[in-house]
Structure formats: C-alpha cells, structure tokens
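This report concerns only the one structure given below.
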Amino acid sequence: MALTMQNTGLLLGQNHIDGAWVDAADGATFGVADPATDDIFTTVPDSGAEDARRAVDAAHRAFATWRKVPAKQRAAIIKRWNDLILANVDDLGKLISREQGKPLAEGKGEVVYAASYVEWFAEEATRTDGEIIPSPAAGRMMFALREPVGVIAAVTPWNFPAAMIARKIAPALAAGCTVVCKPAEDTPLTSLALVKLAEQAGVPKGVLNIVTASRAHTPEVVDVWLDDARVRKITFTGSTPVGKHLARRSADTLKKLSLELGGNAPFIVFDDADLDAAVEGLMISKFRNGGQTCVCPNRVYVQDGVHDAFVEKLVARVAALKVGPATDPASQIGPMINARAVDKIARHVRNAIDLGAKVVVGGERVNGPQYRSENYFAPTVLINATPSMECACEETFGPVVPVTRFSTEADVIAEANATPFGLAAYFYSNDVRRIWRLADALESGIIGVNEGALAAESAPFGGVKDSGYGREGSRHGIGEYMHIKYVCQGALG
Ligand code: NAD
C-alpha cells in the first residue's frame, strides 16, 4: 500500500507569511525523512531570524483587524477549516504516517481527533462572555471583558503533527489572536497542509503564519519571538528542558505561557481490579503511536495478588503486536521517529537489565529485510522494575512496559508521586472508596480511573509540576488566549 496523496496540493515546501507561500529569506532548505526508510522525500525552508521577524510583522498587522471580526464570523471560518480537514482525512492521514511513522489507521484517527478540537473551538468563539459585576458603590457599572492577548507563538512537537497544531491554533484564532508557528523539524508537512486548508477556509492574510526550521536553526527562529514584545504568548508542547528554557527566556517580555511538557505516567493495578479491563486499558494507553505520547503509562505498578496473572495476560497481548511500516495495513507499531529516539529506548532497556529487570518479551531493536530503517523497536515487557532505573525516572517514549510489584496502597501512592512530573496517571480498582482516595492523592493533571483513553476535545488537558501549566481543550482552553479587562463606568447618578 503506497502513501500516495490524491490532493497533491497539500504537499507543500514553503513558509506561509502574510498570506504568501515563500521560501526562506536566504533560500536555505532541509530534508524531511520517512522514519520507515530514512529516505528524505522532500524539503522545506530552513528559516532564520529574518523569516521569523517577517512572520511577527504580518501577525501584528493582522491582529488589528482580526480581533474586530465578529466572533460569529470567526467561528464560521474556523468551522469551514474543520470541514476541509475532514474532507481531506485520507490525504492528511497519509501525510502524518509518512513523516511521523504511525500506522495509517492511527494517522487518519489523528486527523479526526485534530478536527474535533477545531470544531469545538469554532463553537467556543461565540461564548467568550464577560461579566457584569455588582458594584460596591452607588452610581457605577463594573464590567469584566475578555480580550484576545495578541500575537501568539506556537511551537509544536512531532508526535501528533496535526492534533498539536489544532489544539493551539484553533483556540487562538477563535479568541481573536493571530499566530506565528514553528512546527517540529521531523514533521513540518502536516502543519503546512493544515495552514493551506485554513487559508482555503478564509483565514485572512497575516492571521496565521508558519515557518519551518531545522533543529539547528530552531533557536534562531524562536529566540526572535521570545525577544519580541509584540508576541504576547508562547504555547509549547514538547520536552521539559525546552519548556523551562522558553519560560526563562520569555521573562524579559513577560509573556503569557502554556507549557505542555513531559510526563512519567504511573499505571496502577490493584488486587480488586478487573484484570482484563486493566490489560486492555494498558494496551490502548501504552502502545498508541508506538508509546510516543506524553500521556503514555511509563511505569506500571501491579499489586502482589494479581501480579503474575496480569503479567501473563499482558505478555500474550504484547507478543501478538505487529511491528511494521505504515505501508503495511497490518502494522500496529510503526518505526520510532528517528535514531535518537530508538537509542534512548535501547539505553533505558539496557539500564533496566543491568539493574536487575528481566525481559519477558521484546527487549531489542527489530531488524530484517522488511524493515528498511533502524528505527523499529520490539514491544517490550520488563518485570522487577525498580524506581532507580532510567525507565522509571524519565519518559522512555517507546513501546516498553516496566512492571513493578507493590504491596500496599500507601506505598504505591508514594511511589507514583515520587517524580517531578505530573501529567497523566491511571489506576484500576473496583473499590469506590479507594477510587476517590487515589483520585485525590495522585499528583497529576489528568487521571484515568478504569479507563485508558482519556483525551477529548471537551476535556481539559494539561499537567502539574514539571509537566507544565495551562490547559488545552474544554471550555478552559480558549481562556489561555485571552486576558480580562476590567472596565468601571462611574458618575451614573
Ligand atoms: P523538544 O522539546 O526538543 O522539541 C519540541 C519542539 O521544540 C520542536 O518544535 C523543537 O524544534 C522545539 N525546540 C527544540 N529546541 C528548542 C529551543 N532551544 N528553542 C525553541 N524551540 C526548541 O522535544 P523532542 O526532541 O521532539 O522530544 C524529546 C522528548 O520530549 C521526548 O522524548 C519526550 O520525552 C518529550 N516530548 C513530549 C511531548 C509531549 O507531548 N508532552 C511531545 C514530544 C516530545
């Protein structure tokens, strides 16, 4: 099965600045590789400071008019964008699978998921009500109005090339903000295609600008935005060190920030859990996108009484997973994004074995004539994992399940919380009192109780501690792109 697109107009290789498709100012480009083969199949601009500045100039000019467009009209444009995304679901799914590696069913699923945020925020555009505040003094009217913050800069990761763009740009446009965006260097093509569809939907020139850059040139582009006081907000999804760097670096211009950073999600199975449901939930939450999601369980804790039965059921399911490229419709686990990612996974597994873990299934890279790159890693289950192992301390971001046995609820809560991160946490139990104790005690922005698939456009997504701050999706998502202006009218008699 080839990943050939019908609508070739969606395969773009230029920046979009002030309504025009343009090369980098100095003409530089970099290659986009297919992780299934490592073949470079197209190029995009390797932008620099000049391109970044032009994008802000355009977004700043456009803000003056876009913020005044009635919310209902903005909503109609964003709704058309949603419709165009859904009309191109096959091609966008293929593009995601080609540049990111995930199986095609997952690529198309991501497009539908991305569109759900676009539709949601089209609707939210018309609901940014303010407040009339009862005045403590006579002769006054007091109002709290909500306004768009201004130009926002979005920096996105490679693991969900469509969804991360949708979650950030749709609420920004809905709020009346204008946008400059730098997508991940591994997956620039899906974001360019989405911007093309936004243009076709009627987003006016200058409102949505995108520049691509290699990893080496990325700081040059983003630093321009960090230093420019006209950029009023940074919205970022990616690693915690880069998120902290952006927070530090934007302090001089005191920008609003939304940071959706790394996780280290615990997945806890109690003796009283429905084991089949727990195994199913783990398969869904762990192996989506080959384990490359920020809410993937990274540490699995299983209580003494069910440990062996759970591992046996889990191993049977994991051993049956089919690893392969997106061109094979049977593939369930694609290649990892790049060699750097596979090296990290292999290092975590080696470290766990050295510290006493045992591999029950997998544990190695997958090679063979049908695998045309070195980016495949076998779905893996480790037992006897301990807190000092690298796989328990940092996100593995791959198809590896380290299992740790535990005895008491108090112990497992302490261990689950013993991490600087707090994005997602999962547990399986049928004891209603335990459920609410755990939901309260776990230090995490998102909690799955007897459920492995958590994300939805109507739910607030985001973390605590080193997993960042700010929420995407839900009725709270648009507020990240607005500030509150208090207006007090006096002398009313
Ligand atoms: P990253 O943080 O390096 O990259 C994310 C984005 O930040 C990309 O667009 C990248 O170009 C940009 N970036 C990188 N360095 C920058 C800098 N100095 N200034 C400004 N922008 C910069 O993440 P990654 O390399 O793609 O992945 C590394 C790890 O991050 C993963 O192993 C995983 O743990 C975590 N991650 C988390 C998520 C998430 O959804 N929370 C997504 C991707 C990666």
Side-chain angles (χ1 to χ4, degrees), residues 11-18 20-35 38-60 95 98-100 151-161 164-165 168-169 178-196 206 208-231 233-250 252-253 255 257 259 261 337-341 343:
L11 186 59
L12 295 139
Q14 289 183 301
N15 290 331
H16 190 65
I17 301 177
D18 206 14
W21 291 93
V22 291
D23 296 328
D26 64 2
T29 60
F30 70 99
V32 183
D34 178 343
D38 278 342
D39 293 341
I40 289 180
F41 62 98
T42 190
T43 60
V44 293
D46 197 359
S47 310
E50 178 62 21
D51 308 290
R53 247 186 311 274
R54 285 185 193 166
V56 180
D57 290 346
H60 185 249
L95 202 49
R98 186 91 195 268
E99 64 176 349
Q100 201 271 335
V151 176
I152 71 123
V155 179
T156 58
W158 48 264
N159 54 348
F160 288 91
M164 296 302 112
I165 292 281
K168 296 179 185 319
I169 292 180
T178 55
V179 178
V180 295
C181 174
K182 206 282 313 163
E185 55 278 4
D186 291 298
T187 58
L189 301 174
T190 307
S191 44
L192 293 175
L194 290 175
V195 170
K196 178 82 182 174
L208 175 52
N209 307 276
I210 185 164
V211 300
T212 56
S214 64
R215 197 158 183 95
H217 274 187
T218 284
E220 189 182 326
V221 168
V222 179
D223 283 357
V224 166
W225 298 344
L226 289 166
D227 293 339
D228 193 326
R230 294 174 301 172
V231 176
K233 177 182 169 100
I234 305 273
T235 173
F236 171 76
T237 298
S239 62
T240 296
V242 173
K244 288 185 175 177
H245 161 74
L246 298 179
R248 271 186 222 107
R249 204 40 222 273
S250 60
D252 278 345
T253 50
K255 297 184 202 310
L257 287 165
L259 301 174
L261 309 177
I337 186 69
N338 54 33
R340 200 158 50 100
D343 288 347

In Å and rounded to the nearest 0.5 Å, what is the [atom1] to [atom2] distance from [X] to [Y]?
X    : Y    : atom1 : atom2 : value
L257 : T235 : CG    : OG1   : 9.0 Å
T253 : K233 : OG1   : NZ    : 13.5 Å
H60  : R53  : NE2   : CZ    : 15.5 Å
D57  : I17  : CG    : CD1   : 9.5 Å
L12  : I210 : CG    : CD1   : 10.0 Å
D186 : R340 : CG    : CZ    : 7.0 Å

So which heavy atom on [X] is nearest to which on [Y], and how close?
X    : Y    : answer
S47  : A24  : CA-CB, 4.1 Å
P183 : T212 : CG-CG2, 4.0 Å
F30  : P45  : CE2-O, 3.3 Å
K168 : V155 : CE-O, 4.1 Å
A213 : V221 : CB-CG2, 4.0 Å
P157 : A184 : C-CB, 3.4 Å

Measure from the side-chain N and O atoms of [X] to the backbone N and O of [Y], and report whether any donor-acceptor pair falls under 3.5 Å.
X    : Y    : answer
K255 : D228 : yes
N338 : P35  : no
T178 : A59  : yes
E99  : L189 : yes
K182 : A52  : no
D51  : G48  : yes
Q100 : T187 : no
S250 : L226 : no
N209 : G206 : yes

Pairing residues for S214 by the side chain to side chain donor-acceptor pair (under 3.5 Å) criterion, not counting sequence neighbours: D46

Set of residues satisfying side chain to side chain donor-acceptor pair (under 3.5 Å) with respect to R215, sequence neighbours excluded: E185

Working for side-chain contact (heavy atoms from CB on, under 4.5 Å), residues T190 and I165: CA-CA 9 Å; T190 307; I165 292 281; over 6 Å; no

Test side-chain contact (heavy atoms from CB on, under 4.5 Å) applied to T237 and T156, step by step: CA-CA 5 Å; T237 298; T156 58; 5.9 Å; no

Sub-4.5 Å side-chain heavy-atom contact between L246 and W225: no

Validation row: R249, D223 side chains within 4.5 angstrom (heavy atoms): yes

Audit row: K244, L259, side-chain contact (heavy atoms from CB on, under 4.5 Å) steps and yes/no: CA-CA 9 Å; K244 288 185 175 177; L259 301 174; over 6 Å; no

Residue pair L11, L95: steps toward the side-chain contact (heavy atoms from CB on, under 4.5 Å) verdict: CA-CA 8 Å; L11 186 59; L95 202 49; 3.9 Å; yes

Those residues that, when tested against D23, pass salt bridge (Lys or Arg N to Asp or Glu O under 4.0 Å) (two or more places apart): none

Residues D18, R54; criterion salt bridge (Lys or Arg N to Asp or Glu O under 4.0 Å); working and verdict: CA-CA 8 Å; D18 206 14; R54 285 185 193 166; over 6 Å; no

